[in-house]
2 protein chains.
Amino acid sequence: MATIRDVAKKANVSVATVSRVLNNKGYVSEEAQKNVMAAIESLSYTPNSVARTLYNKSSGMIGLVLPDITNPFFPELARAVEDVAHTYGYTVVLCNSDEEVAKEKKYFDALKQKYIDGIILTTSSLTSKDYDRLDLPMVALDRRIGDHIPTVVSENKQGACEATEHLLAKGCRYLAHLRGPEGVKTADERYKGFMEVVEQHGVEHVVLNAEFQIDKAEAVAQELFTTYSQVDGVFAGSDVTAAGVMKAAHTLNKRIPADIKLIGFDGIPLGKMLVPALSTVEQSIYKMGALSARLLIKQIEKQPMASMYYELPVKLIARETT
Amino acid sequence: MATIRDVAKKANVSVATVSRVLNNKGYVSEEAQKNVMAAIESLSYTPNSVARTLYNKSSGMIGLVLPDITNPFFPELARAVEDVAHTYGYTVVLCNSDEEVAKEKKYFDALKQKYIDGIILTTSSLTSKDYDRLDLPMVALDRRIGDHIPTVVSENKQGACEATEHLLAKGCRYLAHLRGPEGVKTADERYKGFMEVVEQHGVEHVVLNAEFQIDKAEAVAQELFTTYSQVDGVFAGSDVTAAGVMKAAHTLNKRIPADIKLIGFDGIPLGKMLVPALSTVEQSIYKMGALSARLLIKQIEKQPMASMYYELPVKLIARETT
DNA sequence: CTGAAAGCGCTTACAG
DNA sequence: CTGAAAGCGCTTACAG
């Protein structure tokens with residue numbers, strides 16, 4: 001591959017002026033400019049980005065740290081991040097942390113070493129201080145890490161309220177909520193929304209923990225339907241959880257929506273594929289990812305951010321399970 | 001961050017000997033070694049990988065180019081690639097090409113610029129020559145690009161034969177195949193397997209193109225069930241296709257498996273979540289990804305490869321739809 | 001407007 | 001066994 005030296009030689013100028021035209025910085029005579037352009041063209045030269053990175057301490061790469069790309073919530077998020085990054089000329093490094101502290105730290109070290117420009121976090125295994133120590137532009141996506149880190153989440157509580165109201169509107173009188181893991185902010189918010197509505201309406205209810213996992217959800221739902229046979233409406237903490245509920249209902253010969261109404265949360269593609277199609281509270285997953293990427297790039301490029309905290313609206317989608 | 005200079009100063013040696021202990025290369029006296037180690041420790045020094053990359057022309061990064069991470073076949077593949085890469089100390093750059101020539105080329109330029117060490121391709125928009133010109137270690141995953149590029153695929157034809165035989169064994173007498181896009185090797189192979197079995201058994205059949213897309217599959221299946229009401233067995237070219245078939249059956253009040261038996265292909269998590277659970281031909285997706293990554297790293301590190309072509313076995317999983 | 005030089009943080013012949 | 005020096009391919013003060 002041609003280097004800046006080759007171009008300089010061919011254009012009969014110094015490497016400094018080649019660099020100047022490359023970066024559009026400093027004075028360059030029209031003639032020099034023309035010669036350099038021609039030389040670049042004829043050598044089909046492209047500047048070596050590693051050399052640039054070494055000097056500038058900026059790599060044009062951003063890290064996307066998530067628990068597991070295999071979880072159906074993340075591919076769309078990753079896609080959005082990558083799309084935005086790509087249009088702004090950034091490259092995305094993918095990191096599956098499995099929420100393990102050691103793995104996350106190892107990734108951070110490696111990324112920092114590579115002069116990564118910033119990181120989007122959908123995990124929060126480490127403490128707020130650990131993240132601060134990184135001293136890197138960051139965005140917290142679907143998580144909250146601290147007030148000083150720009151954050152993008154959905155209106156989880158609001159969505160949970162709407163889902164619960166929806167079940168009541170459909171005539172349910174005994175509600176169950178299969179919540180996500182305690183301590184995970186999104187799960188906690190959804191739980192709060194559910195509780196607020198059932199308490200306000202004084203409706204009977206039961207809450208069980210399904211950890212956002214399908215197998216766990218299926219097992220918990222089996223138990224639920226056996227122990228609380230009066231339950232006629234289920235708010236699942238996620239669409240994957242809801243899929244588990246549907247399997248359990250099927251095994252126990254409970255009909256959805258005839259015997260039990262069911263609504264999920266997330267709006268992942270899965271919901272549409274299920275039969276009957278799953279009612280859900282749809283998050284703007286792509287928008288969340290795209291916004292995070294834009295916020296990160298703004299930080300990197302030292303542009304002002306309008307706000308440090310974005311809560312994106314959710315949308316109730318009534319399909320066939322309610 | 002501390003540099004090699006700082007370490008050298010602190011250890012009272014030259015940067016050359018620090019580099020020697022860092023790389024475990026060349027002679028270093030025990031004492032020097034000890035001093036350097038201590039200095040590294042006390043400064044918590046880690047070598048700057050960008051500087052290393054610049055000199056070595058090797059970045060420790062590999063590119064994963066796929067059409068769209070949002071397609072449920074790819075997350076597990078990406079996860080496997082990332083896991084293996086990570087254990088060997090490599091970092092993965094994610095690229096969604098949408099099968100667009102221009103995008104793919106742009107990615108390649110950017111990756112090459114960054115001294116990427118190798119690329120795993122699950123796309124094949126460009127010509128074989130374009131790939132050769134890259135002059136980079138490569139592996140073709142779930143695609144075939146050329147004989148000189150190591151390739152990892154599944155036994156697609158064999159799996160299709162088994163799926164078709166399975167439908168026949170379950171008593172089906174009029175089979176339909178909803179195939180994937182023509183020209184895509186995996187889809188073609190599955191089609192061939194289907195045809196081989198139906199012709200051999202002289203069983204009535206019809207083939208329609210569903211492009212591996214759920215909406216398309218649903219529409220095509222609706223048409224299928226209306227036009228060919230005798231069809232009692234469907235081999236869907238992918239699990240996503242099968243999900244579309246299930247939706248169409250539901251709308252038209254065809255019962256699965258009572259009226260129509262259905263089997264998919266891929267073994268993605270979706271299949272287990274459907275009700276009834278989807279019978280399918282399971283590919284070892286994770287293994288394919290892991291093997292590709294290992295093959296790529298072998299090439300990068302100039303180790304011998306046992307073979308240029310790997311066809312991994314598939315497994316028929318009879319669940320509730322047959 | 002332009003070039004020589006130093007520097008980004010490493011590695012590796014080359015002498016000694 | 002060790003260090004001074006050149007070089008990987010850029011960028012940017014600094015003189016002129």
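Just so it is clear: chains get the letters A, B, ... in the order the sequence lines come, proteins before strands, and each one is counted from 1. Treat the numbers as computed from the prediction; the structure is a model and nothing was measured.
- The shortest distance between side-chain heavy atoms of A:I4 and A:L22 falls below 4.5 Å.
- Contacts between residues 4-17 of chain B and DNA chain C, counted as heavy-atom distances below 4.0 Å, involve B:I4, B:A16.
- Inter-residue side-chain proximity for B:D142 and B:S154 is flagged as unmet; no heavy-atom pair is nearer than 4.5 Å.
- In summary, contact between chain B and DNA chain D, defined as any nucleotide atom under 4.0 Å from a heavy atom of the protein, begins and ends at D:dC1 to D:dG9 in the 5' to 3' direction.
- Contact annotation: the side chain of A:H148 approaches that of A:D132 to within less than 4.5 Å [non-hydrogen atoms, C-beta and beyond].
- Proximity of residues 43-56 of chain B to DNA chain D (heavy atom under 4.0 angstrom from any strand atom) is restricted to B:L54, B:Y55.
- At a non-hydrogen distance threshold of 4.0 Å, B:R20, B:Y27, B:V28, B:S29 from residues 19-29 of chain B come into contact with DNA chain D.
- Side-chain atoms of B:Y131 and B:E104, non-hydrogen and from C-beta on, do get closer than 4.5 Å to each other.
- In this structure, the side chain of A:D6 engages the main chain of A:T3 through a donor-acceptor pair within 3.5 Å.
- Pairs engaging residues 9-19 of chain B under the side chain to side chain donor-acceptor pair (under 3.5 Å) rule: B:S19-B:N23 [sequence neighbours left out].
- With sequence neighbours left out, A:T46 forms a side-chain hydrogen bond (donor to acceptor under 3.5 Å, both in side chains) with B:Q113.
- For A:Q33, there are no side-chain hydrogen bond (donor to acceptor under 3.5 Å, both in side chains) partners two or more places apart in sequence or in a different chain.
- Side chain of A:K105 to backbone of A:L126: no donor-acceptor contact under 3.5 angstrom is found.
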Pair up each side-chain donor or acceptor in residues 63-76 of chain B with any protein partner under 3.5 Å, not counting sequence neighbours, and list the distances.
unit_1: B:D68; atom_1: OD1; unit_2: A:R79; atom_2: NH1; d: 3.1
unit_1: B:D68; atom_1: OD1; unit_2: B:T70; atom_2: N; d: 3.0
unit_1: B:N71; atom_1: OD1; unit_2: B:F73; atom_2: N; d: 2.9

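- Not counting sequence neighbours, the partners of B:Y286 by the side-chain hydrogen bond (donor to acceptor under 3.5 Å, both in side chains) test are B:D83.
- Counting only Watson-Crick and G-U wobble pairs whose two key distances fall under 3.5 Å, DNA chain D forms stems of three or more stacked pairs at C:1-3 with D:14-16, C:5-12 with D:5-12, C:14-16 with D:1-3.
- Not counting sequence neighbours, the partners of B:K103 by the side-chain hydrogen bond (donor to acceptor under 3.5 Å, both in side chains) test are B:D98.
- The stretch residues 25-58 of chain A participates, sequence neighbours left out, in no ring-ring contact (aromatic ring centres under 6.0 Å, His included) pair at all.
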Salt bridge (Lys or Arg N to Asp or Glu O under 4.0 Å) assessment of B:R133 paired with B:D130: CA-CA 5 Å; B:R133 199 162 346 173; B:D130 284 319; 3.1 Å; yes
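- Remark: the A:Y115 side chain and the B:N48 side chain contain an N/O donor-acceptor pair separated by less than 3.5 Å.
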